[in-house]
Protein chains: 2
Amino acid sequence: MCDMDTKNARVSGDTPDTYDPDAFPHPSVTVDVVAFTSLEDRLCVLLVERGIWPFEGMWALPGGFVRMDEELEAAAHRELTEETGIAEAHYLEQLFTFGAIGRDPRTRVISVAYFALMPGPASECRPLPGTDAVAARWWPLDELPPLAFDHQEIIDTALARLRAKLGYTSVAYALLPEEFTLTELQTVYEVILGRTLDKRNFRKKMLSMGILDATPRQKRAGAHRPAQLYRFTRREPVFLD
Amino acid sequence: MCDMDTKNARVSGDTPDTYDPDAFPHPSVTVDVVAFTSLEDRLCVLLVERGIWPFEGMWALPGGFVRMDEELEAAAHRELTEETGIAEAHYLEQLFTFGAIGRDPRTRVISVAYFALMPGPASECRPLPGTDAVAARWWPLDELPPLAFDHQEIIDTALARLRAKLGYTSVAYALLPEEFTLTELQTVYEVILGRTLDKRNFRKKMLSMGILDATPRQKRAGAHRPAQLYRFTRREPVFLD
DNA sequence: GTACTATGTGTGATATGGACACGAAGAACG
DNA sequence: CGTTCTTCGTGTCCATATCACACATAGTAC
């Protein structure tokens with residue numbers, strides 16, 4: 001069976017015989033968004049400071065209620081925009097659903113977590129505090145403040161997923177501006193994986209995958225030898241190999 | 001912020017200023033379970049036949065309401081047992097959350113899908129119809145009936161995940177009895193991947209991973225040359241490489 | 001023109017993955 | 001007891017991918 005009971009409840013115990021969405025208590029559904037970007041060669045997460053109970057004064061992921069008439073992904077986009085003023089998430093993917101019983105002190109809340117990626121310099125730390133968020137900013141991943149709810153666990157899960165996807169997809173495009181140098185691309189990989197990579201091997205591998213196009217121009221200034229600019233052939237995730 | 005609004009709703013529009021879980025309509029939350037097993041060298045899914053509207057008479061995944069005081073995973077286990085009489089899911093993992101607006105004709109339903117694995121011969125097709133399911137049985141994956149709701153999509157997603165995980169984890173243990181031959185193990189892989197594998201390469205690779213232990217005994221009867229029995233060193237998923 | 005710094009390039013050693021064929025062990029049968 | 005049948009169990013070679021590793025080049029700054 002599925003989804004909901006109607007005439008005959010087969011879910012034992014506390015469910016009714018007739019379907020009536022308000023006849024018994026429901027868990028509530030929210031979305032939370034883990035937005036990553038790379039700023040100054042550090043992987044950063046977007047957090048908002050809570051202005052209200054519970055966890056008032058603590059930092060948390062942007063997120064909130066899913067409306068009755070709204071797709072999950074649309075809710076994630078909306079909360080991101082409303083709470084942080086950030087419009088363009090270049091990549092958004094469902095991460096995991098967190099529903100542990102005690103995770104919210106108010107009531108049973110089941111949260112569908114998403115993770116988002118955006119280009120570093122482009123999506124500068126320019127948060128617009130929302131109605132119940134007193135602040136919003138990007139935090140380097142290695143110096144996060146204590147977080148509300150189970151949001152540290154959600155971020156850990158998101159980071160693991162990002163690291164994994166970096167290996168078998170081209171999601172890195174979403175963390176870079178349209179044109180970039182191979183060194184910049186490599187830095188994104190190093191920042192996310194947390195280790196250095198060999199330049200020659202990295203370039204060889206990237207170029208052999210055939211997902212990058214060289215642009216005619218060269219890199220602007222730099223005070224040193226100019227670098228070739230590249231762009232991703234497709235600005236959407238591609239599975240590699 | 002996160003999860004729910006309290007004093008000051010920052011979710012615009014249709015949400016209230018004060019937190020009251022029943023003051024406005026909620027999406028409902030269910031779990032659906034995609035249970036796989038291997039029967040007679042075919043990959044099978046456990047389905048139940050619906051006895052009630054909507055989709056009366058159609059087959060669907062086992063599933064139902066998440067209770068207020070119940071963990072998501074517990075709900076998945078419970079629905080599986082209640083609707084199909086199957087007690088032992090050797091492996092259960094969250095798959096994805098399906099929440100498209102029109103997926104359930106009754107109301108907005110957000111379903112957290114799980115996928116489960118169990119050993120073939122052990123978990124024989126022995127369903128116990130539940131209260132609103134008129135039947136339950138294992139269906140070979142390549143001859144599924146038309147399915148209720150978006151359950152075909154859920155099964156497709158589950159199959160993709162299973163195929164992927166077979167490649168980088170040891171989940172196959174959950175589809176086999178405690179002791180098995182390498183040929184049986186290979187057959188599980190072939191059935192799931194939908195293609196044949198080379199015997200020598202398969203054995204070489206499996207044995208080199210160090211996750212299998214040979215048992216002292218040999219295979220029972222068989223009317224041919226007896227095969228060595230193996231067991232997984234750990235009956236839990238292990239990441240390979 | 002000299003110093004500085006980031007760019008850009010190739011080879012060899014090693015590990016991995018895939019193709020491929022045949023002798024051995026036991027049961028069934030005459 | 002020997003012949004037949006069927007499944008078990010094994011090793012080599014080749015192609016490809018991975019990793020470690022060093023130096024000349026093109027600009028800017030002074």
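Numbered from 1 within each chain, the chains take letters A, B, ... in sequence-line order. Everything numeric here is computed off the predicted structure, so don't read it as measured data.
Along DNA chain D, the nucleotide closest to A/Lys205 and the one closest to B/Leu182 are compared, and the more 5′ of them pairs with B/Leu182. Closest-nucleotide positions on DNA chain C for A/Lys199 and B/Asp241 were compared, and the one nearer the 5' end corresponds to A/Lys199.
Between the P atom of C/dG8 and the NE2 atom of A/His224 lies a distance of 14 Å, rounded to the nearest Å. Atom CG of B/Leu229 is separated from atom P of D/dC8 by 11 Å (rounded to the nearest Å). The distance between atom CE of B/Met206 and atom C1' of C/dG18, rounded to the nearest whole Å, is 15 Å. As a whole-Å value, the separation of A/Leu197 CG from D/dC19 C1' is 12 Å. When the P atom of D/dG11 is taken as reference, atom CG of B/Leu207 falls 12 Å away, rounded to whole Å. Between A/Arg225 atom CZ and C/dA3 atom C1' there is a gap of 17 Å when expressed in whole angstrom units. Between the C1' atom of C/dA6 and the CD atom of A/Gln186 lies a distance of 12 Å, rounded to the nearest Å. A straight line from CD of A/Gln228 to P of D/dA26 spans 14 Å, rounded to a whole angstrom.
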Interface polar pairs with nucleotides 10-13 of chain C, N/O, under 3.5 angstrom:
unit_1	atom_1	unit_2	atom_2	d
C/dT11	O4	A/Lys204	NZ	3.3

Restricting both atoms to N or O, compile the protein contacts to nucleotides 28-30 of chain C shorter than 3.5 Å, with distance only.
none

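B/Arg234 pairs by the side chain to side chain contact (heavy atoms under 4.5 Å, CB included) definition with B/Glu236, B/Val238, not counting sequence neighbours. A/Tyr230 is linked by a ring-ring contact (aromatic ring centres under 6.0 Å, His included) to nothing, counting only residues two or more places apart in sequence or in another chain. Scanning for side chain to side chain contact (heavy atoms under 4.5 Å, CB included) contacts around A/Thr215 gives A/Glu179, A/Gln228, A/Leu229, A/Arg231, with sequence neighbours left out. With sequence neighbours excluded, the residues forming a ring-ring contact (aromatic ring centres under 6.0 Å, His included) with A/Phe98 are A/Phe96, listed by chain and number. Checked against side chain to side chain donor-acceptor pair (under 3.5 Å), A/Glu93 has the following partners two or more places apart in sequence or in another chain: A/Tyr91, A/Arg161, A/Lys165. In this structure, the side chain to side chain contact (heavy atoms under 4.5 Å, CB included) partners of A/Thr196, at least two apart in sequence or on a different chain, are A/Glu190.
Look at A/Glu143 and A/Arg42 and you find a salt bridge, because one of the NZ, NE, NH1 or NH2 atoms lies within 4.0 Å of a carboxylate O, short of that distance.
Pairs engaging residues 185-214 of chain B under the ring-ring contact (aromatic ring centres under 6.0 Å, His included) rule: B/Tyr189-B/Phe202 [sequence neighbours left out].
For the salt bridge (Lys or Arg N to Asp or Glu O under 4.0 Å) criterion with B/Arg78, the lone passing option out of B/Glu73, B/Glu71, B/Glu70 is B/Glu70.
Taking every side-chain heavy atom of B/Pro226 into account, C/dA25 is the closest of D/dG27, C/dA25, C/dT7. The side chain of B/Arg203 has D/dG9 as its nearest neighbour among D/dG9, C/dA6, C/dT7.
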